[in-house]
Participant: 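Quick one: this structure, given as structure tokens, is what I'll be asking you about.
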Amino acid sequence: MGEQLSKVYESKTIEQQANEIWSANLYFHPEPPADGKDKKTYTIVIPPPNVTAPLHLGHALNNTLQDVLIRFRRMQNYNTLWMPGTDHAGIATQTVVEKRILSEEGKRRTDFERQEFVGRVQAWKDEYEARIIDQLKAMGCSCDWERTRFTMDEVCAKAVRAAFFKLFKDGLIYRGKRLVNWDPATQTVLADDEVEHELVQGHFWYLRYPLVEPVNIGGEQIECVTVATTRPETMLGDTAVAMNPADKRAEYLLGKKVRLPIVGRIIPIIADEHVVLPDADSDDEKARFSTGFLKVTPAHDPDDWEIGLRHGLEVINVLAPDGSISDKYGWTDWNEIRNEDVENLIGMDRFEAREAIIEWFRMQDLLEDVREYAHEVGHSYRSHVPIEPYLSDQWYIAVKKPIEHLGKKFGEGLIEGTDVAVNSLAGLALKPLLDGRLRFIPERYAKTYQTWLENLRDWPISRQLWWGHQIPIWSQTLPFEMEDSSALSIDKLVDAGMVGDLTDKIMITGGEYLKESIKQGCWVRMRFLDEQMVVIYVCIPTLALDVKKEVIKELETAGFVRDTDVLDTWFSSALWPFSTMGWPEDTPELKTFYPGNVLCTARDIITLWVSRMVMMGQYCVGNVPFSNVYIHAMIQDGEGRRMSKSLGNGIDPLVIIESHGTDAMRFTLTSMTTDTQDIRMPVVSMTLPDGRVENTSPKFDIGRNFCNKLWNASRFALMNLEGLDPAEFDPGKMDITDRWILSRLAKTVSEVTESLAQFKYSEPLSSLYRFFWNDFCDWYLEWAKPRMQNERKKPIAQNVLAFVLDHTLRLLHPFVPFITEGIFQKLNEIAPMRGLKGVAESKEAKALVIAQWPEGLESLMDEDAEKQIMLIQAAIRTIRDIRSNRNLPPNKILVVSAKSQQETVEILNGNAELIQQLAGVKEFEAGTALVKPANAAISIMDDATEVYVHDAVDLRAERAKLKKQKEQLEKAKKVVEAKLANENFVTKAKPEVVAQAGDRLTELSEQLNTVEKHLSELYNSG
RNA sequence: GGGCGAUUAGCUCAGCUGGCUAGAGCGCCUGCUUUACACGCAGGAGGUCACAGGUUCAAGUCCUGUAUCGCCCACCA
């Protein structure tokens, strides 16, 4: 016989004890089945948290939701795997470490050797990874900790190289130009989300560009075209002037040439839809400022870059990395155009040059106008200087290129209504959505995914960082010789037999080592710079093997250099669902647990992450990585703002765990999870016992109150379960409250099971809440109290109580795992054998975490019992209402009678004891022809049952109450009558709806009659 | 600019295929040391479901428009 539950619920102790049980038994560590198959599996891979910082409340939500699913399925006997791990988060992590080193040591990244700096980041990662894993454990996450991965660990790194190699070999990785966000102050590239937009009070300068030959438009001689710009200094790199083909002036000006001021470059006037037509009255600010002529600077503006691509314009870069004007970084026509005016500008900072150029235009009378203009300008979030779009070479993945050898498996041609090939990477991700193999919950998010993929552009994957997967490519620029220089393309070379497999026909001096590297599995590609020079790229599949090390050594001896860039963080994230399982090896894990079942994440990374995982899962493994994508809400504060460090409105999950307990936190988070896109959580501060002041939310009290109630109800139950003997159970001896609570339990089981399977959280939890609190605690336990004192009734009540408690714990376990496990362990000690012999069994389990999920209780549903109890409850509420209304003290024992129709009378009399117990009534009697005692208070129930509480009359209160009731009834009756008088309603509405209205009218009439009768009696009696 | 969403009680939210006499928790009011729980028990007040039209026998629910708020994506000559 065990000790009872402690008087006070202490979350910390309970959490610790449960964690010990779970980890000692490795319950979260599934083995791939020895026989290789059969058991159904359920897999979730964690969205790996970034190692930049400890977890926040959003993580708590995200991981709680996953854990609910995993625990639910584990109890349903699935072989469940929840794969945990963390993400190296390239730029974000590198930045936080750089910041810390700068503030603590005053050093910059460039003060370190690469290896040394990476070591520093590694140290940060080790610290935060450990903290994050601890946090996840504290949150109760039932991850398979034995399989914890990190996106840059050896297993994942191998997958990254394998995937990269595969893409490279398939010709999907190429080198291309791209405008990046350049921070001239720190001289680094910034990701888009590191660019802060600030409203800047700037100017629009209107610059005149002289035409080479004047043009006559409608009798008017035009000497110049005027362009409007906010960044005049970029004009040095202009290579065209564009106008909208719909512009009236277009027919005279298109194809004409302009002499670019200062530079003297002759540039064409071209047509492009992108140009906004001028309109002084337009709502569109651009149209108001536009002259209809747009200077095109492909090297210094993203839009212009696109225009340049469309028209094959020259790209001239006039800036040095520090933001000064320079002829050294891609000013291709410098030698032809150089003149004194331009040379004067060289070396000037971009803003200095801006002034100088404006001044030049002013002097030459080419500055037509200057207008004030407020606009958003991207600034570096680090140095706060305006960012400069800067042209650079980057690695790309071709996402729309059909992959020939996948045509057989995935099909060929375009997906209907799109320009996406089925067997392109984009197609591989899009098709499963369209044919239903991939589903979003809520469904609306499928649209985000679909539009993104349909409009996808090639994926730039290189980043100029040190922290990340270094690109596994060695390259060298070499001279080459070829007779037919007009055919400079890889395809042509292949055709000419010059490249082939690249095994033995390399025509580059000293190419022997390439042969060897190819023999070792490397893949080689070429890119021709011009007619003499070619870049040779060698991709190495994996660096794990010693033999590859030798290849590398040879390559490096021969002058090849490894690319210094690293891969975009999302590249390794895209592989996460299978890199964690050991791909490219055909591991038992991969065979057993891939593809997974559900991915659970927030909507902001549907495009960045979800789509890419599907893409790479299909491409690398040949199947979608998961069939369901559950998108949960994002947590905001009470004002609807995102929780963030800078606003100081964040809530630390560890603080809540400390103050309210993990289960309370989980309860609150899941109860708030409906399919809305945001959840608001009012933030207030609280003082912890040790004096710390921290943010919290009153919302968490809901969870804490629930846990406290669960603890106490269980404590009470357990106190009454000593000596329980299932052999003493006899189904025939169950009373109506037993039948009722079992029926309610059975319904709750089916509701919870069904809605959990549909990824609902708030719904099953509120079913459980109602069942546990309102049915079980408020009614069943109260009714059971006296039975526990009765030796004859006790065994039945005990057995039902134990069964219901046992099942309630099982149902609640996915949501509040710790407290339920703790109580379950006690229940096992005090009442090890449970089950309702001949009615339902309760499968034994050493621990709740692996106990069987309730099922097959349908036979316990009992409409008769539910109907009767509902009536009894209504009667009790009516009596309680009178008591409260008439100020009858709670301890005053009442005498009550009731008048009703036969059926009701029988139910009430048959259960008089139940009414007496919970309404504080000493005598209760119902009858069809009872007369109201003169001094009785009366209340009329919905079914017109009249309840008389003796010796409690208060004429004034009575009249007021009945009068109010009468008014309400009359109003309601009128509505129903009007409905039924409407012929359209009677003929067109569904028959059951009409019948319902009819019943309702009868009920209302009866009630109203009764009320009126008593009302008139009251008046008659003075 | 494109897309997605929200607007229901003082607060945070349910209300799914139209049938509603619109619900829950918190907060508020009244009463209560009822031997599991005051993190509790019993009772109660509180809503022209953002606004304007429309469809329908019937609209919180469907359609159109307006307003306000929010998010994502693109962009900012």
Side-chain angles (χ1 to χ4, degrees), chain A residues 5 7-9 197 204-205 227-231 234 242 274-276 284-286 289-291 293-297 301-304 373 375-378 442 444-445 447-448 451-452 455 603-604 606-607 634 636 638 640-642 660 664 671-672 674-682 697-699 701-720 760 762-763 766 769-770 777-778 781-782 785 877 880-885 887-891 918-920 942 968 971-972 975-976 979 982-990 992-994 996-997 1000 1004:
Chain A
L5 282 182
K7 188 152 176 27
V8 181
Y9 160 55
H197 293 272
F204 247 119
W205 283 281
V227 299
T229 180
T230 55
R231 292 194 300 154
T234 63
H274 176 77
V275 180
V276 176
D284 179 9
E285 199 171 32
K286 270 189 200 164
F289 282 93
S290 173
T291 62
F293 299 97
L294 175 69
K295 64 189 275 304
V296 183
T297 325
D301 184 278
D303 281 341
D304 294 8
Y373 182 58
H375 62 137
E376 299 262 319
V377 176
R444 69 186 117 97
Y445 292 112
K447 199 160 178 180
T448 310
T451 357
W452 155 272
N455 302 299
R603 66 180 178 281
D604 53 346
I606 292 174
T607 52
M634 302 185 72
Q636 304 176 331
R641 299 171 304 184
R642 267 184 92 148
H660 288 69
S671 71
M672 292 179 82
T674 58
D675 75 354
T676 56
Q677 62 177 3
D678 299 308
I679 45 184
R680 284 194 187 196
M681 205 167 248
S697 173
K699 287 271 167 196
D701 296 347
I702 300 171
R704 185 203 47 198
N705 294 356
F706 180 83
C707 290
N708 189 259
K709 185 79 175 173
L710 178 60
W711 183 262
N712 281 296
S714 303
R715 191 161 74 90
F716 172 75
L718 288 169
M719 285 178 346
N720 286 287
K760 302 205 168 154
S762 151
E763 228 170 76
S766 53
Y769 186 98
R770 274 193 308 275
C777 293
D778 292 347
L781 284 185
E782 294 303 327
K785 280 177 181 174
R877 286 201 184 98
R880 283 171 173 175
D881 182 29
I882 293 175
R883 186 193 284 281
S884 178
N885 222 282
N887 290 324
L888 304 174
N891 52 4
L918 295 196
D942 278 352
Q968 284 170 343
K971 215 168 132 193
V975 172
V976 183
K979 230 187 208 183
N982 181 344
E983 202 178 320
N984 277 326
F985 172 71
V986 179
T987 51
K988 290 188 182 170
K990 281 177 276 182
E992 63 267 31
V993 175
V994 179
Q996 215 178 339
R1000 175 88 185 123
L1004 285 171

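Below, all heavy atoms of this structure are taken into account, side chains as well, without hydrogens, waters or symmetry copies. So you know, we letter chains A, B, ... as the sequences are listed, proteins then strands, and number each from 1.
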Participant: Please state how far atom NZ in A:Lys447 lies from atom C1' in B:rG5, giving the value in whole angstrom units.
Facilitator: 12 Å

Participant: Do A:Thr297 and A:Arg231 come close enough that some side-chain heavy atom pair is under 4.5 Å?
Facilitator: no

Participant: Report the relative orientation of the aromatic rings in A:Trp711 and A:Tyr9; use parallel for angles under 30°, tilted for 30 to 60°, perpendicular for over 60°.
Facilitator: tilted

Participant: How many Å lie between CD on A:Gln636 and P on B:rC69, as a whole number?
Facilitator: 14 Å

Participant: Please tabulate the protein-to-nucleotide N/O contacts below 3.5 Å involving nucleotides 20-22 of chain B, giving atom names and distances.
Facilitator:
from, atom 1, to, atom 2, distance (Å)
B:rU21, N3, A:Arg1000, NH1, 3.3
B:rU21, N3, A:Arg1000, NH2, 3.1
B:rU21, O4, A:Arg1000, NH1, 2.7

Participant: Between B:rA6 and B:rU64, how far apart are the two P atoms, rounded to whole Å?
Facilitator: 14 Å

Participant: Send over the distance from A:Trp711 CH2 to B:rC39 P, rounded to a whole Å.
Facilitator: 18 Å

Participant: Any ion pair linking A:Arg603 and A:Asp678 (charged N to carboxylate O, less than 4.0 Å)?
Facilitator: yes

Participant: What's the closest nucleotide to the A:Val275 side chain, out of B:rC72, B:rG5, B:rA77?
Facilitator: B:rA77

Participant: How close do A:Val227 and A:Lys295 get, heavy atom to heavy atom, and via which atoms?
Facilitator: CG1-N, 3.8 Å

Participant: With no angle test and no hydrogens, is the base of B:rC39 tied to the side chain of A:Lys709 by a donor-acceptor pair under 3.5 Å?
Facilitator: no

Participant: Provide the distance between the two P atoms, one in B:rG44 and one in B:rA24, to the nearest whole Å.
Facilitator: 11 Å

Participant: Roughly, in whole Å, what's the span from CG in A:Asp881 to C1' in B:rG44?
Facilitator: 9 Å

Participant: What does the B/S/- profile of nucleotides 7-14 of chain B look like, 5' to 3', with a 4.0 Å heavy-atom cutoff to protein?
Facilitator: -----BSS

Participant: Which one is paired to B:rU68, where only Watson-Crick or G-U wobble pairs with both distances under 3.5 angstrom count?
Facilitator: B:rA6

Participant: Paired with B:rU55 by Watson-Crick or G-U wobble geometry, both distances under 3.5 Å: which nucleotide is it?
Facilitator: none

Participant: Looking only at the side chain of A:Arg704 (C-beta and beyond, no hydrogens), which of the listed nucleotides B:rG25, B:rC39, B:rA77 gets closest?
Facilitator: B:rC39

Participant: Can you give me the closest heavy-atom contact between A:Lys699 and A:Pro682, atom names plus distance?
Facilitator: CG-CD, 4.2 Å

Participant: Across all strands shown, which nucleotide pairs with B:rC41 by Watson-Crick or G-U wobble geometry, both distances under 3.5 Å?
Facilitator: B:rG31

Participant: I'd like the P distance from B:rU33 over to B:rU21, given in whole Å.
Facilitator: 41 Å

